[in-house]
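Working notes, beginning with the structure itself.
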Amino acid sequence: MAAELLEISDLSLHYGGSQILSGIDITARQGQVTCVMGTNGVGKTSLLKAISGTHPRSGGEYRLGGEEIGKATSYELARKGVAYVPQGREIFPFLTVRENLETGFACLPRSEHRIPDYIFELFPILKEFLSRRGGDLSGGQQQQLAIARALITKPKLLLLDEPTEGIQPNIIKQIGEVIRLLRDQGEMAIVLVEQYFDFAYSLGDSFLVLERGSPFLKGSKSELGQQQLRAAVSV
């Protein structure tokens with residue numbers, strides 16, 4: 001069985017005085033995709049923010065590659081191999097594609113400050129548009145850029161928040177193929193937050209369904225099955 005790269009137990013998270021997440025247990029294994037699902041507003045994005053260090057968690061145990069993670073910042077977690085592609089992509093609109101990609105160098109040693117060839121093998125359009133400003137790309141091209149920028153950091157754990165949102169079907173298919181390739185290489189654990197059921201189900205190895213910030217359903221694809229899972233995310 002693949003090694004558990006991410007192990008989180010009893011995670012909680014607050015925004016001000018409001019508790020957003022409670023009692024969350026989640027694992028992510030190398031060579032597998034863990035899908036986090038549920039209706040809008042149940043805390044899926046908040047969970048990725050907690051895992052990435054973008055928002056400090058209030059409680060719970062967090063282990064990455066067997067190492068206990070305390071109150072680490074997002075930069076410290078990026079140095080440890082956690083890459084986060086946020087909902088809405090958050091690329092830099094006035095920087096070129098090349099400059100956007102180079103922002104991924106921040107957590108790498110200077111000797112590794114180069115864009116690997118495989119980035120352009122995964123996303124050929126980015127090589128064609130290297131000198132184009134990020135804000136001039138289509139939504140789908142921006143999503144490819146955001147994922148590529150994350151991959152430049154050489155992540156062990158890749159967090160993807162709604163990568164299909166607002167994207168044309170042909171690019172959804174391409175992004176799915178990239179996720180499948182990264183999974184099958186077996187070196188990376190992937191946590192995918194996704195509303196598009198068929199996309200998530202086709203890629204997912206295990207699933208966590210949230211309801212009102214707490215776990216509602218959890219298990220592997222073989223344990224849950226498509227109908228049970230679809231019913232759970234349609235509540």
Side-chain angles (χ1 to χ4, degrees), residues 33 35-36 44-45 48-49 51-55 73-196 199-200 202-203:
V33 175
C35 288
V36 180
K44 303 185 300 293
T45 291
L48 289 196
K49 287 182 175 180
I51 297 171
S52 67
T54 308
H55 187 89
T73 65
S74 57
Y75 177 72
E76 289 167 337
L77 284 166
R79 294 282 303 261
K80 292 178 183 294
V82 179
Y84 175 37
V85 181
Q87 189 175 20
R89 302 177 274 278
E90 295 183 12
I91 58 128
F92 296 101
F94 297 112
L95 298 184
T96 65
V97 166
R98 181 187 294 278
E99 289 165 341
N100 267 280
L101 291 172
E102 289 173 348
T103 63
F105 294 165
C107 58
L108 294 175
R110 184 169 293 277
S111 60
E112 297 177 19
H113 286 196
R114 61 181 186 82
I115 302 171
D117 291 340
Y118 80 88
I119 293 293
F120 301 124
E121 293 168 7
L122 294 175
F123 303 110
I125 196 70
L126 297 182
K127 187 168 189 178
E128 187 179 331
F129 288 168
L130 274 174
S131 60
R132 189 171 296 192
R133 292 197 313 183
D136 294 335
L137 303 183
S138 71
Q141 291 161 355
Q142 288 182 7
Q143 185 66 66
Q144 292 177 78
L145 175 56
I147 296 172
R149 178 178 61 185
L151 293 178
I152 280 177
T153 69
K154 301 184 177 179
K156 301 172 186 172
L157 175 65
L158 179 64
L159 310 173
L160 300 169
D161 195 355
E162 303 276 9
T164 70
E165 186 178 50
I167 292 178
Q168 55 268 46
N170 64 315
I171 296 188
I172 289 176
K173 182 181 178 185
Q174 183 182 1
I175 288 172
E177 289 169 354
V178 168
I179 295 171
R180 192 171 283 108
L181 176 65
L182 295 172
R183 178 196 66 192
D184 293 348
Q185 287 173 345
E187 299 173 4
M188 187 185 301
I190 300 170
V191 178
L192 170 67
V193 164
E194 184 54 62
Q195 291 271 59
Y196 178 15
F199 182 86
S202 70
L203 291 168

* To do: May I ask you to test the F199-L192 pair for a side-chain heavy-atom distance under 4.5 Å?
  => yes
* Considering all heavy atoms of both residues, which atom of E194 and which atom of P163 are nearest to each other, and what is their separation? -> OE1-CD, 3.2 Å
* **Side-chain donor-acceptor pair present, E165, Q195, cut-off under 3.5 Å** => no
* Structure fact -> When rounded to the nearest 0.5 Å, the distance separating CG of L182 from CG of L122 is 6.0 Å
* S131 versus T96, closest heavy-atom pair with distance -> O-CG2, 3.6 Å
* To do: Show your working on side-chain contact (heavy atoms from CB on, under 4.5 Å) between F123 and Q174 and close with a plain yes or no.
  => CA-CA 9 Å; F123 303 110; Q174 183 182 1; 4.3 Å; yes
* Between the main-chain N or O of L95 and the side-chain N or O of N100, is there a donor-acceptor pair closer than 3.5 Å? -> yes
* Partner residues of A78 under the side chain to side chain contact (heavy atoms under 4.5 Å, CB included) criterion, sequence neighbours left out -> C107
* Structure fact -> Interatomic distance, CD@Q144 vs CD1@I91, rounded to 0.5 Å, equals 12.0 Å
* Structure fact -> Here the gap from F92 atom CZ to R149 atom CZ, rounded to the nearest 0.5 Å, amounts to 5.5 Å
* To do: Supply the atom-to-atom distance I119 CD1 to L145 CG, rounded to the nearest 0.5 angstrom.
  => 10.0 Å
* Structure fact -> For Q87 and E90, the nearest pair of non-hydrogen atoms, with its separation, is O-OE2, 4.3 Å
* Structure fact -> Correct closest heavy-atom pair for R180 and S202 would be NH2-OG, 3.7 Å
* **Main-chain N/O of F105 paired with E112 side-chain donor or acceptor, under 3.5 Å** => no
* Asked: What heavy-atom pair brings Y118 and L151 nearest, and what distance separates the two atoms?
  -> OH-O, 3.4 Å
* **Any L160 side-chain heavy atom under 4.5 Å of I147 side chain** => yes
* Could you state the interatomic distance from CG (L157) to NZ (K80), rounded to the nearest 0.5 Å? -> 13.5 Å
* Quick one: list whatever passes ring-ring contact (aromatic ring centres under 6.0 Å, His included) with Y75, sequence neighbours left out. => none
* **Shortest non-hydrogen separation from L101 to A148 and the atoms involved** => CD2-CB, 3.7 Å
* **Test side-chain contact (heavy atoms from CB on, under 4.5 Å) applied to K127 and I115, step by step** => CA-CA 10 Å; K127 187 168 189 178; I115 302 171; over 6 Å; no
* Nearest 0.5 Å, what's the CD1-CD distance between I172 and Q143? -> 10.0 Å
